[in-house]
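Letters go in sequence order (proteins before strands), and every chain restarts at 1. Note that the structure is predicted; figures quoted are calculated from it, not measured.
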Number of protein chains: 2
Amino acid sequence: MLLTSSEGKYLKAIYTLSAQGKEAVTTNAIAAQIGTKAASVSDMLGKLAEKELISYKKYYGVTLTEKGHKTALNILRRHRLWEVFLVDKLRFHWEDIPEIAAELELLDHPMLIRKLDEYLGYPKFDPYGDPIPDEFGDIQTKARVPLQDMPLEMTGKIAAVKDNSAAFLRYLDKMGIYIGARMAVLEKVEFDGSLELMIDNQRKVFVSREVAANILVQPL
Amino acid sequence: MLLTSSEGKYLKAIYTLSAQGKEAVTTNAIAAQIGTKAASVSDMLGKLAEKELISYKKYYGVTLTEKGHKTALNILRRHRLWEVFLVDKLRFHWEDIPEIAAELELLDHPMLIRKLDEYLGYPKFDPYGDPIPDEFGDIQTKARVPLQDMPLEMTGKIAAVKDNSAAFLRYLDKMGIYIGARMAVLEKVEFDGSLELMIDNQRKVFVSREVAANILVQPL
DNA sequence: TAAATGGTTTAGGTTAGACTAAAAATAGTT
DNA sequence: AACTATTTTTAGTCTAACCTAAACCATTTA
């Protein structure tokens, strides 16, 4: 089963969107996600359904089939492995990598990916803390709690961010918040939902409710 | 100036072919090189001429313009840097890499290539011994002599191969001939042009005239 | 329940890159 | 100088992926 790179783009978009809400993914949502028009999406959905990668009921959105799901996970695996490469080896800053990884992920060479994986030391999470599926599409999940829901005093590790935008990531950098950092919630401010954190047992940091909503913590 | 990946493919082919013979490159030669039909090549030549990447006189073949030459060298630079990555870092065998590098070279991210170059330690030659152009298109050349022309007893280093086919490379591997190996010509057999070599001051090896014709040596 | 609204699909058109078949130009041979 | 063989170009199709505009469907609102 050969995929065009465009088909891959659609599968990834559908995967991402259905990971968010549980419902069938709508045409417009896909169009917005990949920056194209709804009409083009309808076109492509027909082709993907033809190949049995999605199940598609006209006017009622799409869901991935088993086959489509596997394929999407494989693309995601490639994407996230390249992201690790870019950050760990080439020393890219994490705000710059999604664009490049989006192109690298299109290369479908199983041997290349297997060797890359080995070379990187079989990483389980990408630089944003998102899990990297293995060859079989299995994902290793860790228990994760939104930062807002962490009880006071409980320690944890920053596990992932929900928002990968450059602006947000730059902000986190400036605050010294990074994936893997130790942290604890020192105080919750009632009236605006902001939090005071202790990072690495060293630095105290204030974050707003909006920021906290985009950070996931792995309790320790 | 944005290039489609197909245009890049043509420029590289034209570059390669004009590096061989000095004449203008013919339509058929390009078609053979990139595995397409002459009619398709004619089409594309028109477009490349439009962009002033080649100078194109109908029925008389093409040559690269200054601009086209620069562009081709940049693609070649990407290709060869990725080849180094595949062999040095991912431990690919050299027969497997041209196919993968041909896809990686299509990614045009100056920053990516700059960081890759740095990460690889600014290599000057790819795994086949071919020189890697720098950012400005400058190529570092070493004095090189076809193996057949090496005088008896003179020592040298295997510098490059002219034939990158998997079959040839596999053969060299089996004979223990690799880029960088020390060698000297022990004897030249008159009637068939074959040579007896000493490799690494340890092993004696016989190679045919055909094989010798595809090996370049850097005299020491 | 009928109309308005908004999301979705269809219809038809565009572009890039390939193809085949046919026409045209070049080069070689008498 | 004309004829032939070969190479190259042109002309006309095809497909994938996109687009716009128009039609269509489902749902919400009056």
Assign B:K57 to base, sugar-phosphate, or nothing according to its heavy-atom contacts below 4.0 angstrom with the strands shown.
-> nothing
If only side-chain N and O atoms of B:K47 are considered, is one of them under 4.0 Å from the OP1 or OP2 phosphate oxygen of C:dA16?
-> no
Under 30°, 30 to 60°, or over 60°: which ring-plane class applies to A:W82 and B:F85, parallel, tilted or perpendicular?
-> tilted
First encountered from the 5' end of DNA chain D, between A:T4 and A:A39 | A:T4
B:K188 side-chain N/O to B:M150 backbone N/O, donor-acceptor pair under 3.5 Å = yes
For A:S40, report the nucleic acid contact type (base, sugar-phosphate, nothing); a contact means any heavy atom under 4.0 Å.
-> base
Given side-chain hydrogen bond (donor to acceptor under 3.5 Å, both in side chains), test B:T26 with B:N28 step by step and report yes or no.
-> CA-CA 5 Å; B:T26 68; B:N28 263 351; over 6 Å; no
Side-chain N or O of B:K9 closer than 4.0 Å to phosphate OP1/OP2 of C:dA18 | yes
Are OP1 or OP2 of C:dT10 and a side-chain N or O of A:K58 less than 4.0 angstrom apart?
-> yes
If you check every side-chain atom of A:S42, which of C:dT10, C:dT26, C:dG17 has the closest atom?
-> C:dT10
Nearest whole angstrom, please: distance from the P of C:dT9 to the CG of A:L45.
-> 7 Å
Between A:R114 and A:E135, is there a salt bridge with N-O shorter than 4.0 Å?
-> yes
Have A:T63 and A:S55 got a donor and an acceptor in their side chains that come within less than 3.5 Å?
-> yes
Where does the chain B footprint on DNA chain D start and end, counting 5' to 3' with a 4.0 Å heavy-atom cut-off?
-> D:dT7 to D:dT10
Using a cut-off of strictly less than 4.0 Å, decide whether B:Y59 has a side-chain nitrogen or oxygen near OP1 or OP2 of C:dA23.
-> no
Checking B:N214, B:L172, B:L216, B:I177 against B:V161 for side chain to side chain contact (heavy atoms under 4.5 Å, CB included), the one that qualifies is B:L172
